[in-house]
Amino acid sequence: MTQALSATAFSILGQTPLLRGLPEGAFAALAAASSERFVRRGEVLFLQGAPAEHIWVVIDGWIKIYRTTQGGAEAVMAVFTRGQSFAEAAVFRAAGYPTTAEAATDARVVRVPAAALMRLVRERPEAALAMLASLSQKLHLLIGELEQLKVSGGAQRVAGFLLSLCDGTGDQTVALPYDKALIAAKVGMKPESLSRAFNRLRGLGVRIDGDSVRIADVAGLQSFATETD
């Protein structure tokens, strides 16, 4: 279901790194051209190779981005949540979407039309500079994630994922936001390897109970996640 932006969606859209540097009038015009959409878990937002007609921003829930290999396997590239945008590069390149986007949970998203965005860039060069800075920052974050996949062990990567769900220190219980198969794909391992990683983390006070994880010592888990040989 698609509708005009709610007050919540308007506020989150304005705080998205890609758009928060825009002049007030320019942002208001872009928001007016955008629409809000509710999607069910498993619903596809766009397919790999389809024309890149929108930039997307997550308002609630989780969206996974993946590529389908020649053998039909699904390679998860990223998972996005509240306040995060995706598909910018495809729009600016005027190319097809290089991935498929699917709702990993029930979610709400905003679709920002590519045509409206490109018109803004042509008319307001300062807007283009603000967006370029945001894309550069996003690239650095992706490089950091790639580095972690290359140099960290499986248990360390799982620890880092759990820490991304925490909002403090000490003893915490966090909810796993989506299924364990997707968590495994996000941290670059097979589901059976994920189970072994969780078992290893038990020694650090990590306990799984269904879709919840209790972390007895967040600081200790942080030290483990960042330790080097």
Side-chain angles (χ1 to χ4, degrees), residues 1-20 30-68 72-88 90-91 97-114 138 141-142 145 158 160-168 172-189 191 194-195 198 208-215:
M1 181 178 66
T2 301
Q3 61 186 40
L5 299 192
S6 62
T8 298
F10 184 90
S11 175
I12 292 175
L13 186 66
Q15 293 303 311
T16 301
L18 182 70
L19 303 177
R20 66 186 174 201
L30 196 63
S34 302
S35 57
E36 186 174 352
R37 177 177 168 187
F38 175 78
V39 290
R40 293 287 186 186
R41 177 180 177 180
E43 186 174 342
V44 172
L45 279 65
F46 56 78
L47 291 169
Q48 181 177 329
E53 297 177 339
H54 299 90
I55 284 176
W56 302 75
V57 177
V58 186
I59 304 305
D60 284 308
W62 295 81
I63 305 294
K64 69 174 179 178
I65 305 295
Y66 65 91
R67 287 181 61 84
T68 303
E74 187 179 291
V76 176
M77 312 303 292
V79 186
F80 295 97
T81 191
R82 184 183 181 94
Q84 296 179 320
S85 60
F86 56 95
E88 305 96 323
V91 164
Y97 290 117
T99 58
T100 293
E102 179 183 311
T105 65
D106 289 352
R108 283 191 299 147
V109 295
V110 168
R111 302 187 305 176
V112 181
K138 192 170 187 176
L141 291 174
L142 290 173
E145 291 181 4
V158 174
F161 172 78
L162 294 176
L163 289 166
S164 73
L165 304 176
C166 295
D167 58 4
Q172 285 201 35
T173 298
V174 297
L176 297 178
Y178 38 80
D179 63 71
K180 293 182 178 67
L182 182 53
I183 293 172
K186 177 175 172 57
V187 297
M189 60 176 58
L194 178 68
S195 296
F198 275 126
I208 300 177
D209 181 14
D211 293 332
S212 297
V213 178
R214 179 186 174 189
I215 304 170

Would you tabulate the side-chain donor-acceptor contacts of residues 49-56 under 3.5 Å, counting partners in other chains and residues two or more places apart, or write 'none'?
residue	atom	partner	partner atom	Å
W56	NE1	Y97	OH	3.3

Discussion item. Under the rule for side-chain hydrogen bond (donor to acceptor under 3.5 Å, both in side chains), what residues qualify as partners of D211, not counting sequence neighbours?
Written reply: none
Worksheet item: In chain order, what residues pass the side-chain hydrogen bond (donor to acceptor under 3.5 Å, both in side chains) check against S6, with sequence neighbours excluded?
Response: E36
Worksheet item: Looking at residues at least two apart in the chain, or sitting in another chain, which of them share a side-chain contact (heavy atoms from CB on, under 4.5 Å) with A103?
Response: V39, I63
Practice prompt. Could you list the residues that satisfy ring-ring contact (aromatic ring centres under 6.0 Å, His included) with F198, not counting sequence neighbours?
Written response: none
Fill in: Any residue meeting ring-ring contact (aromatic ring centres under 6.0 Å, His included) with Y66, in chain and number order, not counting sequence neighbours
none
For [X] and [Y], which heavy atoms make the closest approach, and how far apart are they?
| X | Y | result |
| --- | --- | --- |
| A107 | G61 | CB-CA, 4.0 Å |
| A101 | I65 | CB-CD1, 3.5 Å |
| V58 | I12 | O-CG2, 4.0 Å |

Worksheet item: Just one of R41, R37, R40 clears the salt bridge (charged side-chain N to carboxylate O under 4.0 Å, His left out) bar with D106, so which one?
Response: R40
Item to complete: With V158 as reference, evaluate L194, L163, I183 under the side chain to side chain contact (heavy atoms under 4.5 Å, CB included) test and give the passing residue.
Response: L194
Discussion item. What verdict does the side-chain contact (heavy atoms from CB on, under 4.5 Å) test give for D60 and R82, after you've listed the backbone C-alpha separation in whole Å, the side-chain angles of each residue and the deciding distance to 0.1 Å?
Written reply: CA-CA 5 Å; D60 284 308; R82 184 183 181 94; 2.7 Å; yes
